[in-house]
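In what follows, every heavy atom counts, from backbone to side chain, and hydrogens, waters and symmetry copies are set aside.
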Amino acid sequence: MMEKINSLSAYFKEYENSIEDPENFWSEIAKTFQWQKTWDNTFSWNFNGPDVKWFENAKLNITENIFERNLHTHSEKTAIIWEPNDPNEKSIHISYKELFEKTCQFSNALEANGIKKGDRIIIYMPMIPEAAIAMLASARIGAVHSVVFAGFSSSALADRINDCQAKMVLTSDGNYRGAKNIEVKAVVDEALEKTNTVGKVIVCKRTGSKVQMKTGRDLWWHDVIKNQSLQHKAASLDSEDLLFILYTSGSTGKPKGVVHTTAGYMVYAQYSFLNVFQYEHDDIYWCTADIGWITGHSYIIYGPLLTGATTIMFEGVPTYPHPGRFWEIVDKYKVNQFYTAPTAIRALQAKGLEPILPYKLDSLKVIGSVGEPINEEAWHWYHDNIGKGNCPLVDTWWQTETGGIMISPLAGITPNKPAHASLPLPGVQPVILDAEGNELKGNNVEGNLCIKFPWPSMIRTTYGDHKRCKDTYFSTYPGTYFTGDGVKRDHDGYLRILGRVDDVMNVSGHRLGTAEVENAINEHSGVIESAVVGYPHEIKGQGIYAYVICSINDQAESDLIKEIIATVSKIIGPIAKPDKVQIVSGLPKTRSGKIMRRILRKVASKDFSNLGDTSTLLNPDVVEEIIEGANI
Ligand code: WT7
């Protein structure tokens with residue numbers, strides 16, 4: 001069994017061991033897992049490839065480590081508690097034994113429908129138990145899942161299907177989100193018109209909505225599992241075989257497929273879950289993320305299930321049918337660890353204390369935050385009103401690419417410091433570099449956050465384009481992994497994440513590239529050029545501000561703006577809708593034609609100080625016009 005770190009001195013000791021002898025450190029942890037064949041070499045690495053391998057030549061299956069490894073100790077324990085969107089509908093408790101049987105049954109169904117090891121399967125589903133079963137069954141047979149958040153548009157879905165050449169899509173007849181019932185099957189149908197690799201679509205019945213079933217292609221979930229055995233022999237995978245692909249936005253181009261492989265991801269998911277949240281055997285753990293994001297992968301599904309935890313899957317949204325819904329669920333299941341995003345905290349904070357009053361919240365032991373920097377005000381509100389001042393708050397910094405939590409307090413062990421992700425987990429070696437790549441050692445320094453040594457769950461490649469992986473993460477500062485985040489090490493040596501330093505925005509904890517939103521805006525026929533920047537937003541963390549040049553047209557400006565916003569929603573999804581659109585006659589450009597985003601960011605943030613020397617611009621007059629017409 002994996003041991004937990006249980007004191008601050010033990011943490012420092014373990015950290016030191018992990019740096020001095022990483023081979024031994026990680027192989028001791030890896031020994032607590034079930035392997036079909038053990039590794040020849042703990043890891044090898046070269047960040048210039050990048051070429052990183054963990055637990056080389058070992059054989060395993062991650063689902064054997066969730067099920068076979070643990071079933072003798074907790075087969076009757078609840079693995080998943082599913083809480084529906086509508087609180088009046090019945091919740092579902094699934095034991096480890098049942099989850100195992102359902103996973104095996106669906107594994108057999110996938111194989112019966114032609115899915116083989118290495119095939120890519122897209123999961124475009126609501127937060128229902130079948131989505132978890134789909135991920136686990138994919139892993140069991142050695143297929144590669146790529147979960148696409150069910151709020152993405154059909155063209156975003158089509159891009160992902162095409163990029164990974166998926167053979168199958170799993171979806172549902174509808175998706176309840178608050179008061180809405182989103183017709184996800186219709187979105188899949190539309191996406192499949194733009195793709196030609198998908199042979200079969202499996203549709204899970206959830207809402208009972210009427211859907212079109214295409215003969216020969218579309219099958220019902222309840223039909224494909226009929227007559228399938230509840231037993232399945234797990235596929236034998238190599239440590240470095242792909243476990244999943246998850247698409248995420250970068251500063252350029254379309255979203256890229258971050259690739260995670262089997263063994264390293266597995267080891268780190270359990271290790272980080274156990275230590276950060278300090279999970280104890282009978283605890284009820286709840287992470288409010290969606291499985292469409294990495295947080296859902298590592299800390300709703302894999303980390304908790306590998307640990308034998310009870311994990312809650314919530315179908316709905318924080319404010320439906322009332323703004324106390326989260327707290328109602330915490331009391332209903334006596335949740336011990338609660339993990340959510342700053343944007344949700346701020347949205348609930350804005351509703352005042354009244355929605356919290358009916359609830360005790362006394363089961364909570366640990367509260368967590370993830371996805372974006374948590375401002376001090378939200379930190380204190382969360383700590384005082386939800387944690388009642390006596391729950392450690394773990395502010396967990398990590399990324400889709402890191403696979404697991406990298407910098408975070410360990411609950412109840414690391415002294416809490418508001419808005420500080422604090423200290424790296426054992427095995428994680430962060431460095432702060434200045435613009436020239438010099439390491440800033442010591443305390444009271446601020447710069448770019450990089451990681452100089454491999455960790456088991458790190459990104460291996462970007463699917464189908466290894467060069468892009470190198471260019472994005474390993475070329476800015478050769479020899480280190482560049483995170484894209486700014487960071488400060490304070491006088492105590494605690495780390496505080498300052499936010500992105502590249503052209504990536506973080507809107508309500510969702511990652512969006514400015515270029516990606518610009519490309520979507522430019523799809524509107526009346527648009528000539530656009531520039532998008534993030535600006536501080538009270539609830540969302542960052543809002544999206546778009547400066548748009550349009551061809552002369554006689555349409556009312558407000559209609560045009562509405563259309564531009566609708567275009568973005570159609571091309572990416574509602575989460576990418578600009579909050580503000582300003583129609584401009586030009587964009588500030590350097591003589592070489594580069595847009596001066598710094599100026600645009602400042603205007604959008606209502607900061608007119610130090611706009612810098614605009615006289616060198618190709619079109620200095622446009623700055624005045626932009627300031628005058630600013631939508632702030
Ligand atoms: C970016 C990664 C990792 C799960 C959710 C987001 C920002 C994430 C924190 C935090 C400050 C944070 C960073 C990072 N971020 N957690 N605790 N404090 N910033 O995953 O979509 O891959 O986004 O989210 O900017 O680079 P993601």
Side-chain angles (χ1 to χ4, degrees), residues 85 120-128 130-132 134-135 138 145-222 224 244-249 254-255 257 289-293 296 315-317 320 507-508 510-512 516-517 519-521 523-524 563 565-577:
N85 181 60
R120 276 80 55 212
I121 306 178
I122 295 274
I123 300 176
Y124 188 76
M125 291 177 82
M127 285 287 287
I128 53 177
E130 286 81 356
M135 291 167 73
S138 168
H145 60 71
S146 185
V147 185
V148 176
F149 174 60
F152 278 119
S153 69
S154 65
S155 70
L157 175 60
D159 285 346
R160 288 155 173 78
I161 292 171
N162 284 328
D163 188 80
C164 72
Q165 301 277 292
K167 256 177 100 168
M168 182 181 268
V169 177
L170 306 178
T171 189
S172 67
D173 60 348
N175 180 5
Y176 290 132
R177 297 278 295 165
K180 288 185 248 168
N181 174 3
I182 302 161
E183 296 182 358
V184 276
K185 172 64 168 61
V187 179
V188 172
D189 291 340
E190 209 175 290
L192 294 188
E193 281 167 23
K194 296 175 221 152
T195 65
N196 56 20
T197 57
V198 174
K200 293 219 166 118
V201 176
I202 298 180
V203 187
C204 183
K205 207 173 216 120
R206 166 64 187 119
T207 60
S209 309
K210 225 178 139 41
V211 294
Q212 299 272 347
M213 296 293 279
K214 190 169 167 187
T215 320
R217 186 193 73 184
D218 299 352
L219 304 162
W220 286 105
W221 182 293
H222 54 261
V224 299
F244 65 85
I245 303 170
L246 194 55
Y247 285 84
T248 191
S249 299
K254 289 198 169 168
D290 190 283
I291 49 151
W293 314 116
E315 183 182 32
V317 296
Y320 180 83
V507 182
S508 300
H510 300 143
R511 211 164 130 175
L512 291 162
E516 192 186 349
V517 180
N519 291 339
I521 292 174
E523 291 282 317
H524 186 285
E563 278 182 27
I565 294 173
T567 306
V568 176
S569 187
K570 184 159 182 294
I571 294 194
I572 306 175
I575 56 176
K577 285 200 273 193

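- The salt bridge (charged side-chain N to carboxylate O under 4.0 Å, His left out) analysis of residues 205-217, with sequence neighbours excluded, yields the pairs Glu89-Arg206, Asp189-Arg217, Arg206-Glu315.
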Using the side chain to side chain contact (heavy atoms under 4.5 Å, CB included) rule, take Val147 and Phe244 through it: C-alpha gap first, then chi angles, then the decisive distance, then the call. CA-CA 8 Å; Val147 185; Phe244 65 85; over 6 Å; no

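- Ring geometry, His510 versus Phe149: the interplanar angle falls from 30° to 60°, so the pair is classed tilted.
- Interatomic distance, SG of Cys164 versus OH of Tyr247, reported as 4.0 Å (0.5 Å rounding).
- Between the CG atom of Leu219 and the CH2 atom of Trp221 there is a distance of 12.5 Å, given to the nearest 0.5 Å.
- Side chain of Ser172 to main chain of Met125: no donor-acceptor pair is present (N/O by atom type, distance under 3.5 Å, no hydrogens or angles).
- Here the closest non-hydrogen pair linking Ala576 and Leu512 is CA-CD1, 3.8 Å.
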Chi angles and distances behind the side chain to side chain contact (heavy atoms under 4.5 Å, CB included) call for Val187, Phe152: CA-CA 9 Å; Val187 179; Phe152 278 119; over 6 Å; no

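- No donor-acceptor pair under 3.5 Å is formed between the side chain of Ser569 and the backbone N or O of Lys577.
- The shortest non-hydrogen separation linking Ala520 to Thr567 is O-CG2, 3.5 Å.
- Listed here is the closest heavy atom pair of Pro126 and Ala131: O-CB, 3.6 Å.
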Would you please test Tyr124 and Thr171 for side chain to side chain contact (heavy atoms under 4.5 Å, CB included) and show each step? CA-CA 5 Å; Tyr124 188 76; Thr171 189; 3.9 Å; yes

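- Going from atom CD1 of Ile202 over to atom NE2 of His222 covers 12.0 Å, rounded to the nearest 0.5 Å.
- In this structure, CH2 in Trp220 is found 5.0 Å from CE in Met213, a value given to the nearest 0.5 Å.
- In terms of the side chain to side chain contact (heavy atoms under 4.5 Å, CB included) criterion, residue partners of Asn162 (sequence neighbours excluded) are, by chain and number, Thr195.
- Under the rule for a side chain to side chain contact (heavy atoms under 4.5 Å, CB included), the partners of Lys254 that lie at least two apart in sequence or sit in another chain are Asp159.
- Contacts of Lys194 classified as side chain to side chain contact (heavy atoms under 4.5 Å, CB included), with partners at least two apart in sequence or in another chain: Ser154, Ser155, Ala158.
- Nearest heavy-atom pair, Cys204 versus Glu130, reported as atom, atom and distance to 0.1 Å: SG-CG, 3.5 Å.
- The NZ atom of Lys200 sits 12.5 Å away from atom CG of Leu170, with the distance rounded to the nearest 0.5 Å.
- Each salt bridge (charged side-chain N to carboxylate O under 4.0 Å, His left out) pair with one or both residues in residues 164-181, not counting sequence neighbours, appears once here: Asp119-Lys167.
- For Thr197 (side chain) and Ala166 (main-chain N/O), a donor-acceptor pair under 3.5 Å exists by modelled atom type.
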Chi angles and distances behind the side chain to side chain contact (heavy atoms under 4.5 Å, CB included) call for Arg160, Ser146: CA-CA 9 Å; Arg160 288 155 173 78; Ser146 185; 5.6 Å; no

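- Remark: Ile245 CD1 to Arg120 CZ distance equals 6.5 Å, nearest 0.5 Å.
- When all heavy atoms of Ile161 and Ala191 are compared, the closest pair comes out as CD1-CB, 4.5 Å.
- A 4.5 Å side-chain heavy-atom check between Val568 and Ile521 finds at least one atom pair inside the cut-off.
- Considering Val188, Ile121, Ile122, Leu192 in turn, Leu192 is the only one that fulfils the side-chain contact (heavy atoms from CB on, under 4.5 Å) rule with Val198.
- With sequence neighbours left out, the side chain to side chain contact (heavy atoms under 4.5 Å, CB included) criterion links Glu563 to His524, Gln555.
- Across Ile123 and Ala134, no two heavy atoms sit closer than the pair CD1-CB, 3.8 Å.
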